[in-house]
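This is the structure I have questions about; it appears just below.
Residues: numbered from 1 along the sequence shown. As the structure is a prediction and not an experimental result, all values here were calculated from the model. Note: hydrogens, waters and symmetry copies are ignored here, and every other heavy atom, side chains too, is used.
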Amino acid sequence: MAEEEPGEAIRPEFPMGRIKKIMKLDKDIGKVNSEALFLVSCATELFLELLAEKSSEVAAEKKRKTVKLEHIRIAVKRHQSIGDFLLDSLPLPSQPSDAPAKDENRTRVVVDKVAPEGTRRIDDFFRRPEKTASAETNET
């Protein structure tokens, strides 16, 4: 985040509506106060800045210009407080980056861990909904 001028309003970079939808995925959350939404948005921004910074440092140590999943995993392992909750959510690396890819056109299979009952993984929120059989018959 850039330095703010006194009197200038702080405006989060992430869309507030999207953050509110993600927060409301938790069944325990009914309404979301605007101040709480603002603070969660700012905290998310700071967290991602830290994660990006640490991951880019790892990539630079490995003399790489592109940050990859393995760099993020290493950065998370090094930072204990992040690693405590995030390491289990990161997908496992499919192969070492030094080895050439066998077939780059194939999609990578991500091993999904079973989420505790009553919760959803964050990537479920970003997937497009699958069409049901009744919706397909109505379209034809």
Quiz prompt | Value rounded to 0.5 Å, distance of CD in Q80 from CG in D84 | solution = 4.5 Å
Exercise. Please check if the side chain of E13 supplies one atom and the backbone of E45 the other of a donor-acceptor pair under 3.5 Å.
Key: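 No, E13 side chain to E45 backbone: no donor-acceptor pair under 3.5 Å.
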Quiz item: Are L39 and L48 connected in the hydrophobic side-chain network, where two residues link if heavy atoms are under 4.5 Å apart?
Solution: yes
Quiz item: Can you check whether V76's main-chain N or O pairs, donor with acceptor, with H79's side chain at less than 3.5 Å?
Solution: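 Pair absent, no side-chain N/O of H79 close to backbone of V76.
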Quiz item: Under 3.5 Å, is there a donor-acceptor pair between the side chain of S41 and the main chain of L37?
Solution: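 No: the side chain of S41 does not pair with the backbone of L37.
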Quiz item: So, for I29 and V32, which heavy atoms are closest and what is the spacing to 0.1 Å?
Solution: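 Smallest heavy-atom distance, with atoms named: CG2-CG2, 3.7 Å.
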Quiz prompt | Shortest non-hydrogen contact from V67 toward S56 | solution =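 For V67 and S56, the tightest heavy-atom pair comes out as CG2-CA, 3.9 Å.
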Quiz prompt | Derivation and outcome, side-chain contact (heavy atoms from CB on, under 4.5 Å), residues I82 and L87 | solution = CA-CA 8 Å; I82 294 174; L87 196 56; over 6 Å; no
Quiz item: In chain order, what residues pass the ring-ring contact (aromatic ring centres under 6.0 Å, His included) check against F47, with sequence neighbours excluded?
Solution: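 Testing F47 for ring-ring contact (aromatic ring centres under 6.0 Å, His included), a comparison that skips the adjacent residues, returns F85.
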Self-check item: Sub-4.5 Å side-chain heavy-atom contact between L51 and L86
Solution: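 Yes, side chains in contact.
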Practice problem: To the nearest 0.5 Å, tell me how far S81 OG sits from L50 CG. | Solution: 7.5 Å
Quiz item: Is R73 reaching over with its side chain to a backbone N or O of P91, donor-acceptor style, under 3.5 angstrom?
Solution: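 At least one qualifying donor-acceptor pair exists.
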Self-check item: Separation between CE of M16 and CE of M23, rounded to the nearest 0.5 Å
Solution: 9.5 Å
Self-check item: side-chain contact (heavy atoms from CB on, under 4.5 Å) assessment of I74 paired with K62
Solution: CA-CA 11 Å; I74 292 169; K62 301 222 178 240; 3.6 Å; yes
Quiz item: Hey, is the main chain of K31 close enough, under 3.5 Å, to the side chain of K24 for a donor-acceptor pair?
Solution: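 Such a contact is absent between K24 side chain and K31 backbone.
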Quiz item: Could you go step by step and tell me if E61 and R78 meet the salt bridge (charged side-chain N to carboxylate O under 4.0 Å, His left out) rule?
Solution: CA-CA 14 Å; E61 288 172 10; R78 287 182 184 173; 2.9 Å; yes
Quiz item: Any side-chain heavy-atom pair from K21 and L25 closer than 4.5 angstrom?
Solution: no
